[in-house]
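Below is one structure, written out as structure tokens; the observations come after it.
Keep in mind that the numbers below use all heavy atoms, side chains included, and drop hydrogens, waters and symmetry copies. Numbered from 1 within each chain, the chains take letters A, B, ... in sequence-line order.
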There are 4 protein chains.
Amino acid sequence: MKRLGVKERIIETASDLFYHNGYNQTGINQIIAEAGVAKASMYQHFRSKEDIAVAYLVGRHTIWMGKLFDFISTERTSKGKIIRCFDYLIDWLGEVDFRGCGWQNIITDLPIDHDKIRIQAINHKNEVRNYIHDILKSETEYTIEQAEQLGDQILILIEGAIILSQIQKNKWPILAAKNASISLLK
Amino acid sequence: MKRLGVKERIIETASDLFYHNGYNQTGINQIIAEAGVAKASMYQHFRSKEDIAVAYLVGRHTIWMGKLFDFISTERTSKGKIIRCFDYLIDWLGEVDFRGCGWQNIITDLPIDHDKIRIQAINHKNEVRNYIHDILKSETEYTIEQAEQLGDQILILIEGAIILSQIQKNKWPILAAKNASISLLK
Amino acid sequence: MKRLGVKERIIETASDLFYHNGYNQTGINQIIAEAGVAKASMYQHFRSKEDIAVAYLVGRHTIWMGKLFDFISTERTSKGKIIRCFDYLIDWLGEVDFRGCGWQNIITDLPIDHDKIRIQAINHKNEVRNYIHDILKSETEYTIEQAEQLGDQILILIEGAIILSQIQKNKWPILAAKNASISLLK
Amino acid sequence: MKRLGVKERIIETASDLFYHNGYNQTGINQIIAEAGVAKASMYQHFRSKEDIAVAYLVGRHTIWMGKLFDFISTERTSKGKIIRCFDYLIDWLGEVDFRGCGWQNIITDLPIDHDKIRIQAINHKNEVRNYIHDILKSETEYTIEQAEQLGDQILILIEGAIILSQIQKNKWPILAAKNASISLLK
DNA sequence: CATGAATGAGGCTTCATTCAT
DNA sequence: CATGAATGAAGCCTCATTCAT
């Protein structure tokens, strides 16, 4: 890990800690200790802990979207892609012991003034939403309006499956959400 | 508020703060200050901050379930009751400025050893799940298995609607979830 | 020193350090170390470092005014009392190695928002001013207006003598001020 | 400002910040940021923050003395020049919102080992003292000794007027000092 | 001669909890 | 059953300075 630059080491370490232990449970001291960086070096690259979280979320967004894209690209049809999203959830969340969604997790118990983080969550969810809309819009069977309405419903199933599987530490919510999406797609 | 006993004052104050500001954002000092209680008096009634949170969640569960029950009791049919659940979400979440679910919010960024709180979340969601299952089981149209599968899907829509409306600070996810549930109920 | 209560120990220690080393040069850690107090104990009694400084200045005011009063009480006449003020300065400042005035010293290099401290300085100087005015007003030779004008001139000589003796680490400015006041009093 | 050399830009920026915000309140980072200079470039020209302060004080001395000389040169007589010094104070201190004397301000709350700065203050005050002495010595009415004694008294009135007007944020101390000097000059 | 990254030490403040009364 | 004082650990952040390039 020492091969990476300081900034990269901070982001990697913080990302790991923020996601798996939580934003409030992760202290600056722990980040710099595990990253092997001096405190002031860290503040050379990031103005505040919040800014590190923003970098974490930005990086996570790219990776997460990329993995989803790759995962569902095995399917040809729109409906197939949508349904495969839930297989992605099973795959991903199983690996992380159902730790849930990084954006959901960070915005639920946040200091009042941490708006930059909140904006990241809004943006991320909007991009996922648009991504799902786009998949369904390419299906000629649906009008644009139908595609958007259906897409919103799928998005909610995804969100619900993530949070409920996190609470229950079990994949059944994801399977139920998959079944629901199959029904909704007819 | 001075009419209430010490324990009740603590729970009321903490419940308000935990829900609206977050568990990590709420300090012991703030609770005792707003409750008008001495610190050691508080520790007489509660072994730890976590225990206060448990009392908060236990109380919230009773109130929340009661309100839901009252709200949907205007409907006669099972399907009507289920769909009216989403009207309840609109009503409730609109009032609290889309502050989300107390149990979702508290388990996402919690010290590793706070298992009593985690158990509360699991229990609450299980009771909501059973409640929905029971409503659908009373519908002769469905087999027990169908009722349970459908109920799980409804639960996930509820969870997804809550968390997404919290992120977006908007009721559209609840409306979308309502539409999805209408489709799923045929 | 252990016989004193925590709050008194903090004030005593901080007063010594603030006066002799300066407000900015004195850290919270040094105060609690020398006072033998835990950091959080200190913050039980004082909301902030600034508040400790306020307590320091309030206490210092009482002591300083008292010493001045005692010192000049050997004189009967108004003029005698005024002139003896400068003997007080020589006595006091000689003892503290010409460390200057606690209020002058603290307001010259203060964080922008430390207004409580600034107010202490203003109040202290006003009380000294009124004290000198009162002494001269009891002199029948002067009208009230004359007493006030003359008092202001004396006050300025005091202030100038303090700061200049601090810079020069020498008592000559105090002696010069004393001579000036003799001339002004006719 | 980009026309100036690096060293000049640093001194100009630091001078402004040191005087108006205070030495301790001004950080190295703020100086280089506002001067548009790299950190190590700054340390190329100045060994330490203290050295920058020395350069600031040296430059300020020349400017300050020059302005005073110009201001009082409208007067022909020694006494007239001395009294006009206080008009200078009113003019200057009114413009800087009664921010006081750069040398007084910097020596009151200084790290123990910052002797180079202390020496600057001593030197500056000595030069002002000599300047005033010289003005009064050119007055044939006084013996050399009288001129020096009177000059010291004037200097103290100046110092007291500066610091007291800084605390009170008002020009009345300067006016009182002017009146005192008029009396002392007979 | 100029640069941005890196640093150790320390800044002030708050945490949940326990203790003596 | 109630209280305020006391605590160790940790919180996030900034300081003036040095180093490798």
Side-chain angles (χ1 to χ4, degrees), chain A residues 5-7 9-10 23-33 35-52 111 114, chain B residues 5-7 23-33 36-53 111 114, chain C residues 5-7 9-10 24-33 35-53 111 114, chain D residues 5-7 23-33 36-53 111 114:
Chain A
V6 170
K7 190 166 186 176
R9 288 213 308 281
I10 294 168
Y23 180 70
N24 292 298
Q25 308 314 313
T26 303
I28 282 299
N29 287 329
Q30 193 181 358
I31 294 171
I32 62 166
V37 167
K39 197 172 288 189
S41 299
M42 203 214 74
Y43 278 95
Q44 188 100 29
H45 294 282
F46 300 96
R47 219 182 291 275
S48 67
K49 186 186 175 187
E50 187 184 12
D51 279 9
I52 303 178
H114 278 38
Chain B
V6 169
K7 190 166 184 174
Y23 180 70
N24 291 299
Q25 308 315 313
T26 303
I28 285 292
N29 287 328
Q30 192 182 0
I31 293 171
I32 61 165
V37 167
K39 190 169 287 190
S41 300
M42 199 216 76
Y43 277 95
Q44 197 82 24
H45 292 285
F46 299 97
R47 208 186 295 274
S48 67
K49 185 185 176 188
E50 186 184 11
D51 281 9
I52 303 178
H114 277 39
Chain C
V6 170
K7 189 166 186 176
R9 288 214 308 281
I10 294 168
N24 291 299
Q25 308 314 314
T26 303
I28 281 300
N29 287 329
Q30 193 182 358
I31 293 172
I32 61 165
V37 167
K39 199 172 286 189
S41 301
M42 203 214 74
Y43 278 96
Q44 188 101 29
H45 294 282
F46 300 97
R47 219 183 291 276
S48 67
K49 186 186 175 187
E50 186 184 12
D51 279 9
I52 303 178
H114 278 39
Chain D
V6 169
K7 190 167 185 175
Y23 179 71
N24 291 298
Q25 308 315 313
T26 303
I28 285 292
N29 286 328
Q30 193 182 0
I31 294 171
I32 61 164
V37 167
K39 190 168 289 191
S41 299
M42 199 217 75
Y43 277 96
Q44 196 82 24
H45 292 285
F46 300 96
R47 208 185 296 273
S48 67
K49 186 185 175 188
E50 186 183 12
D51 281 9
I52 303 178
H114 276 40

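- No N or O donor and acceptor, one from the side chain of B/Lys39 and one from the base of F/dT3, sit under 3.5 Å apart.
- E/dA2 atom C1' lies 12 Å from atom CD1 of D/Ile32, rounded to whole Å.
- For E/dC1, the OP1/OP2 oxygens have no side-chain nitrogen or oxygen of D/Ser41 closer than 4.0 Å.
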**OP:** Dump the intermediate steps for side chain to side chain contact (heavy atoms under 4.5 Å, CB included) on D/Tyr23 and C/Asn24, then the final yes or no.
**Re:** CA-CA 10 Å; D/Tyr23 179 71; C/Asn24 291 299; over 6 Å; no
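- Closest-nucleotide positions on DNA chain E for A/Ala40 and B/Ser48 were compared, and the one nearer the 5' end corresponds to A/Ala40.
- The D/Tyr43 side chain lies nearest to F/dT17 when the options are F/dT17, F/dT3, E/dA2.
- If you take CG of B/Asn29 and P of F/dG4, they are 13 Å apart, rounded to a whole angstrom.
- Per the geometry, CE belonging to C/Met42 stands 20 Å off P belonging to F/dA10, to the nearest Å.
- Distance B/Glu50 CD to E/dT17 C1': 14 Å, rounded to the nearest Å.
- C/His45 has no side-chain polar atom (N or O) that falls below the 4.0 Å cut-off from OP1 or OP2 of F/dG4.
- Geometrically, C/Lys49 does not engage C/Tyr43 in a cation-pi contact, judged by NZ or CZ lying under 6.0 Å from the ring centre and within 45° of the ring axis.
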**OP:** Show the numbers, then the answer: is there a side chain to side chain contact (heavy atoms under 4.5 Å, CB included) between B/Lys39 and B/Asn29?
**Re:** CA-CA 8 Å; B/Lys39 190 169 287 190; B/Asn29 287 328; 2.6 Å; yes
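- Under the Watson-Crick and G-U wobble criteria, each requiring two contacts below 3.5 Å, nucleotide F/dT21 is paired to E/dA2.
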**OP:** Test side chain to side chain contact (heavy atoms under 4.5 Å, CB included) on B/Ile28 and B/Ile52 and set out the steps.
**Re:** CA-CA 10 Å; B/Ile28 285 292; B/Ile52 303 178; 4.2 Å; yes
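- Protein atom CD1 of D/Ile31 is 11 Å distant from nucleotide atom P of F/dC15, rounded to whole Å.
- Per the geometry, CD belonging to C/Gln44 stands 14 Å off P belonging to F/dG8, to the nearest Å.
- The CG atom of A/Asn24 sits 11 Å away from the P atom of E/dA16 (whole-angstrom rounding).
- Taking for each of D/Arg47 and A/Gln30 the nucleotide of DNA chain F with the nearest heavy atom, the 5'-most of the two is the partner of A/Gln30.
- Atom pair C/Lys49:NZ and E/dT13:P shows a separation of 8 Å (rounding to whole Å applied).
- In this structure, C/Ala35 and C/Arg9 approach most closely via the heavy-atom pair O-NE, 2.8 Å.
- Nucleic acid contact for A/Ile28: sugar-phosphate only, since backbone atoms but no base atoms lie under 4.0 Å from a heavy atom of the residue.
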